[in-house]
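One structure coming up, written as structure tokens, with questions to follow.
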Amino acid sequence: MKIFVLFVLLRVSQHASADLEVNEGQESVVLPCQVTAPVNNISLVEWRRSEPVMTVHVRRNNRDQPNDQNEAYQGRTSLRQDALKTGDLSLTLKSVSVSDKGKYTCTASQAGTSLGQAEVQLQVQSKVEEELRTQRNVFIVLTSLLLPVCGASLTWIFITLKNRKG
């Protein structure tokens with residue numbers, strides 16, 4: 001009897017960071033996951049999210065399984081059609097919201113045995129946070145431009161008033 005052992009390594013694509021930051025309302029984001037070994041023995045690809053734990057996307061026997069995913073992700077996730085041929089198991093998540101923030105895990109399996117995992121941390125900045133950051137940056141620029149002018153004016157007023165009293 002011959003025993004074949006297949007090791008599949010999953011990694012986050014070198015072209016993308018394991019830590020992604022996007023803005024709320026962004027049309028979509030791609031969570032990278034790339035198989036670096038032969039993919040012909042993979043029968044299950046599963047994307048899960050932790051805290052709260054939920055199934056985000058499942059592809060079994062080269063078919064998506066929408067009934068296996070959490071309803072919050074139904075209609076918002078996809079894998080490439082040729083994912084198992086190319087080894088690109090990256091997940092596209094559409095209509096990004098703040099509630100999508102968290103750690104995502106991509107797992108490839110064969111016959112119930114995990115062949116490897118990759119993790120991606122997704123940060124989603126709310127529109128309010130984005131607006132506050134923009135306003136803060138505008139305030140800093142305006143302050144740096146106006147402070148020298150206002151400072152000189154205030155100094156002139158102070159000296160003028162001091163001279164009038166004296």
Side-chain angles (χ1 to χ4, degrees), residues 7-110 112-147:
F7 290 99
V8 175
L9 300 174
L10 296 183
R11 66 177 169 82
V12 173
S13 170
Q14 294 175 350
H15 303 293
S17 172
D19 294 322
L20 299 175
E21 185 172 327
V22 297
N23 293 323
E24 178 183 28
Q26 185 167 316
E27 186 175 322
S28 66
V29 62
V30 176
L31 307 182
C33 181
Q34 181 73 41
V35 176
T36 58
V39 295
N40 54 348
N41 286 339
I42 296 175
S43 63
L44 175 68
V45 176
E46 184 175 40
W47 275 93
R48 293 182 59 82
R49 177 180 161 191
S50 58
E51 298 180 28
V53 175
M54 60 181 70
T55 301
V56 176
H57 193 94
V58 176
R59 180 167 290 174
R60 185 178 297 109
N61 298 323
N62 211 23
R63 295 179 68 140
D64 290 331
Q65 306 294 318
N67 293 332
D68 291 349
Q69 71 183 149
N70 184 281
E71 64 183 34
Y73 291 96
Q74 287 184 352
R76 297 196 310 128
T77 62
S78 63
L79 296 178
R80 293 172 46 130
Q81 286 298 94
D82 60 353
L84 296 182
K85 290 180 184 175
T86 65
D88 184 355
L89 307 179
S90 299
L91 179 77
T92 300
L93 176 61
K94 301 173 192 158
S95 302
V96 182
S97 71
V98 173
S99 63
D100 293 324
K101 176 181 173 181
K103 182 168 66 173
Y104 291 78
T105 304
C106 169
T107 304
S109 303
Q110 170 61 34
T113 302
S114 175
L115 301 173
Q117 291 185 333
E119 292 182 350
V120 179
Q121 182 70 39
L122 179 63
Q123 298 293 330
V124 181
Q125 185 173 340
S126 74
K127 290 180 181 181
V128 172
E129 289 172 336
E130 182 182 1
E131 181 64 30
L132 288 174
R133 187 176 57 188
T134 301
Q135 288 176 0
R136 186 189 74 223
N137 290 342
V138 168
F139 178 76
I140 290 169
V141 169
L142 289 176
T143 303
S144 65
L145 293 173
L146 296 176
L147 189 58

State, to 0.1 Å, how close Val29 and Leu20 come at their nearest heavy-atom pair, and which atoms those are.
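Smallest interatomic distance, heavy atoms only, reads CG2-CD1, 4.1 Å.
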Close side-chain approach of Thr77 and Trp47, heavy atoms under 4.5 Å
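Not touching, per the 4.5 Å side-chain cut-off.
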Gap between atom CG of Asp19 and atom NZ of Lys103 - 0.5 Å precision:
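Nearest 0.5 Å value for the NZ-CG distance: 11.0 Å.
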Atom pair CD/CG of Gln125 and Asn23 - distance to nearest 0.5 Å:
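Answer for the CD-CG pair, Gln125 versus Asn23, is 5.5 Å.
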Spell out, as yes or no, whether a donor-acceptor pair under 3.5 Å connects the side chain of Asp64 to the backbone of Pro66.
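Pair absent, no side-chain N/O of Asp64 close to backbone of Pro66.
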Please find the pair of heavy atoms, one from Ser114 and one from Thr107, that lie closest to each other, and give the distance.
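Heavy-atom minimum between the residues: OG-CG2, 3.6 Å.
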How long is the gap from OG1 on Thr105 to CD on Glu46, to the nearest 0.5 Å?
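One gets 9.5 Å once the value is rounded to the nearest 0.5 Å.
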Look up atom OG in Ser78 and atom CG in Leu91, then write down how far apart they are to the nearest 0.5 Å.
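Going from OG on Ser78 over to CG on Leu91, the span is 7.0 Å.
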Rounded distance [0.5 Å steps], CD in Gln123 versus CG in Asp100
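It is 12.0 Å, given to the nearest 0.5 Å.
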Nearest heavy atoms of Val124 and Ser97, plus distance in Å
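Between these two residues, the closest heavy atoms are CG1-O, 3.4 Å.
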State the CG-CG distance between Asp82 and Asn62, to the nearest 0.5 angstrom.
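Here the rounded value is 9.5 Å.
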Please identify which of these residues, Arg59, Arg60, Arg48, meets the salt bridge (Lys or Arg N to Asp or Glu O under 4.0 Å) condition with Asp68.
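The single option meeting the salt bridge (Lys or Arg N to Asp or Glu O under 4.0 Å) with Asp68 is Arg60.
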Any sub-3.5 Å donor-acceptor pair from Arg49's side-chain atoms to Lys101's backbone N or O?
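Side chain of Arg49 to backbone of Lys101, a donor-acceptor pair under 3.5 Å: yes, one is there.
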Are the side chain of Arg76 and the backbone N or O of Leu93 linked by a donor-acceptor pair below 3.5 Å?
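Pair absent, no side-chain N/O of Arg76 close to backbone of Leu93.
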Of all heavy-atom pairs between Ala108 and Leu89, which one has the smallest distance, and what is that distance?
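So the minimum-distance heavy-atom pair works out to CB-CD1, 4.3 Å.
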Is a side-chain donor or acceptor of Gln65 paired with a backbone partner of Arg63 at a separation under 3.5 angstrom?
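Present.
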Tell me the closest heavy-atom pair linking Leu79 and Ser90, and the distance in Å.
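Shortest heavy-atom separation between Leu79 and Ser90 comes out as CD2-O, 3.2 Å.
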Minimum heavy-atom distance Pro32-Val30, with the two atoms named:
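Distance-wise, the nearest heavy atoms are CD-O, 3.3 Å.
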Is it true that the side chains of Thr55 and Gln69 contain a donor and an acceptor less than 3.5 Å apart?
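No, Gln69 and Thr55 have no side-chain donor paired with an acceptor closer than 3.5 Å.
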